[in-house]
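Let me begin by presenting the structure, written as C-alpha cells, before commenting on it.
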Amino acid sequence: MDKLLEILEDLKPGVDFALEDDLIEDGILSSLEIMTLVVELCTEFGIEISPLDIVPENFKSAQAIYALITRIRDED
Amino acid sequence: MAYNSYLYIVVFLGLSLLLYYVTPKRLRWIILLLASYVFYCVSSGGLIVYLLISTVSVYICGLWLGKIIEGYESAKASTPKEERKALSEKVTRRKKLVVFVALLVNFGLLAFLKYFNFFADNINVISKLLNLNIAIRSRRIALPLGISFYTLMAAGYIIDVYRGKCRADRNPCRVALFLSFFPHIVEGPFARYDQLAGQLYEGHAFSYKEFTFGAQLIVWGLFKKIVIADRVNIVVKTVFASPSAYSGLVVLLGVLLFTLQIYAEFSGAMDIVTGSAQMFGISLVKNFERPFFSRTVAEFWRRWHMTLGAWLRDFILYSVSLSKWFVKLSKLIKSRLRSNTGKIVPTLIPLFLVWLFCGLWHGASWKYVLYGMYYYVIMALGMLFEPLFSRLFAALRINREGRPYKALQLVRTLVLVNIGMLIFRAPETKTAFSMLRSIFTGFDPKALTNGTLLKLGMDLQDYFVIGAGGIVMLAVSLLQERGFSLRERIAEKNIAIRWCIYFAAIFAVIIFGAYGAGYNPVDFIYAQF
C-alpha cells in the first residue's frame, strides 16, 4: 500500500490519497492520468491489467486500486 | 435517405414504426433488420455487399473465438496449475490470430475503399522524389454508406469477444442487426455489442412516453439541423470557398459559424437518430454532452463525439498501453528519462497513435492528419507542462477552481477548438494556415458596418434567426448542465400547454427552416465519412 501511495503522490502531488474516496467523480484523476497510473502499476508491480479492469470502481480510491492489484496478483 | 428528409421521417420511419408495433413482439427484430437493410439499399444500393462481408466475417470470427474460449474453459479445469500459464498463453496466441483475421478483413476493406487513393498519391510523390519508376493510378472508388462507422463497431465486437466483455453471438441475425441498425449506421453513435444487441433483438412494448420523447428529440434535432446548421452553411461555404477575398473579421465569422454549424448538425443528427431509436423503445448511447462548457481540450473530447473517443480509448489506447511489449518499453523509458517525463512519455506514445487514427478516420488527406496532430500536440504539451503550471499557479496564488480562472479556461478551449475546426473545414492545409494568419493580421472591423456581412448569403432576418436559435440552444444547454430535464418538465404540464409547446417547436422548424427556394439541401457532414 505504501508503494502505491508513493506512486499516486508522485503522479498528483498535494492530494491526500489515503483519505480521498472518489478520485474519479471528484475530478482528481483524469482519464489520461489514470492511463499513466495504469502503466506505472504494470511496470512497478509486474502485473497485467486488463482493459476490462479500467473502470471507475477500480480507481475511485487508493484502497480500490490496492484491491485491484491484490486481486490480479492472486489470480496469477 | 437523409435523416432530415420527409422520405425518412414521414415515410420510412413512420412505416417502420407501424410495422414494428403491429408485429408480434418476438418477431419485431425482423422488422428492424428488414428496415435497416431496405434503408441501406435505398441509400447505398449494391455497396451493401461490403456490409455483408463485414457482418459475415465478424460473425464467423466471433464463433471461432467463442469455440477457442469454451475449449480453454473446459481444458483449464483438467490442467495442472503449473501448466495453466502455458495453456493460457497458447490460447491467447490463437485468439489473437482470429482477431487479426477479422481486423484484416474489415480494416483491409476500409483501407482499400477509403484510403487507396491517398496511399497511391503519397507513394507516387515519394517515388518521384526518389526517382523510382513506380506510379499507381488513382481509382474512382464508391464509398459504402457508414463504412467508417460499422467497421469500427464490427472491430469493437470482435475485440470485446476476445477480451471477454461479451460472448460470441451464435445468432447471425443479431450480429447483422447490430451492425446495420438504420439509426446508427450513417453517423453513429458507435454502439457496443453488450449494450445494444440485446435491446435490438428483444421486442419492445409500445410506450407512450418513449414514443413521444423520441418524437420530441427528432423535432429538436431537426430544429438544430434545418433552422441553424443549414442556414449558416451558406455563409460558411462562401467564406471557405475564397477566404482570401475577405478580411480577417469575416474569416473569423466563417470559422465561428462553421463551429456552430457542425455542432448543430452533428448533435442534431444524434438527436434525430436517438429519437428514432427511442420511438422503438431502444436506447442509444450519448454522443454529446454540451462540449462547449469544457474547461480543457481533453474535456472537450470527452464531451464531443463521445463514442468515438471511447472507441479510441478502449481499442487503441488500452490495447497499446497494456500490451506486454509496451509495458517493457515503458520500463525502459522510465529508467532512461527524468521522473516526470519518464512517467508521461509511455502515455504519449499510444496517445500519438490515437490522434493519428482519429485524424485519418475523419478523412483520407494530410489535412485530417494535421487535425489529429493539432490536438495531440495540445494534449501532450498540457501533460508535459502540468507540473510546471502547478508550481507557477501555486507561487502566484492563483485559484484554479475560482470562477475567473474557469471562465478563462472556457474561452481558451473555445479558441483552441475553433482553430481545430478551421483546420477541419479548410479545403487544404495551406489554406488553413493562410486563413489563420488573416484572422490575426487582416482583422478589419469595417466589415461590420460596410455591408459585407449581408453579402455572404444571409440577410438580416437570417442573422436574427441564427441569433435567436443560438440563444435557444444555449438556454437548453445551460438548463441541461444544471441537471434540468426539459422533456420531463414539459411532460408534467397539462395537455393544452404541452401541445402548444410541441406545435410551436414543429412550426419553428417549418417556418424558420432553411429549405426550399434559395437553399440547396445540405448533406450531413459526418455522413460523408
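Proteins get letters first, then strands, A, B, ... in listed order; numbering begins at 1 in each.
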Task: Within 6.0 Å of CZ in B:Arg167, more than 12 heavy atoms from elsewhere - done: no

Open item on the list: I'd like to know whether NZ of B:Lys90 has more than 12 heavy-atom contacts from other residues, nucleotides or ligands below 6.0 angstrom.
Closed with: no

Task: Part of A:Ile54 lying under 4.5 Å from any heavy atom of chain B - done: both

Task: Approximate separation, where rounding is to 0.5 Å, of A:Ser50 OG and B:Lys165 NZ - done: 11.0 Å

Open item on the list: Looking at A:Glu25, I want to see if its CD is surrounded by more than 12 non-hydrogen atoms of other residues, nucleotides or ligands under 6.0 Å.
Closed with: no

Task: Residue part contacting chain A, namely of B:Lys324, when any heavy atom lies under 4.5 Å - done: side chain

Open item on the list: Please determine whether the number of non-hydrogen atoms from other residues, nucleotides or ligands lying under 6.0 Å from atom CZ of B:Phe393 exceeds 12.
Closed with: yes

TODO: Look at atom OH of B:Tyr405 and say whether more than 12 heavy atoms of other residues, nucleotides or ligands are closer to it than 6.0 Å.
DONE: yes

Open item on the list: Is there a side-chain contact between B:Arg313 and A:Met35 in this structure, where contact means two heavy atoms from C-beta onward sitting under 4.5 Å apart?
Closed with: no

Open item on the list: To check you understand the geometry: which heavy-atom pair defines the closest contact between A:Val38 and B:Leu322, and what is its length?
Closed with: CG1-CD2, 3.2 Å

TODO: Count the heavy atoms belonging to other residues, nucleotides or ligands that lie under 6.0 Å from CZ of B:Arg94, then report whether that count exceeds 12.
DONE: no

Open item on the list: Could you measure the distance from the CD atom of A:Glu40 to the NZ atom of B:Lys331? Nearest 0.5 Å is fine.
Closed with: 11.5 Å

- [ ] Answer yes or no: are there more than 12 heavy-atom neighbours, outside A:Lys60 itself, under 6.0 Å from its atom NZ?
- [x] no

TODO: Please determine, among B:Ile344, B:Leu317, B:Leu348, the option with the most heavy-atom pairs under 4.5 Å with chain A.
DONE: B:Leu317

Task: Heavy-atom proximity to chain A below 4.5 Å, by part of B:Arg302 - done: side chain

- [ ] Quick one: pull up CD in B:Glu299 and OG in A:Ser31 and give me the separation to the nearest 0.5 Å.
- [x] 10.5 Å

Task: A:Glu44, part contacting chain B, at a heavy-atom distance under 4.5 Å - done: side chain

- [ ] Calculate, to the nearest 0.5 Å, the distance between atoms OG1 and NZ belonging to A:Thr43 and B:Lys334 respectively.
- [x] 4.0 Å

TODO: Examine whether an atom of B:Leu351 lies under 4.5 Å from a heavy atom of chain A, and if so say whether it belongs to the side chain, the backbone or both; otherwise answer neither.
DONE: side chain

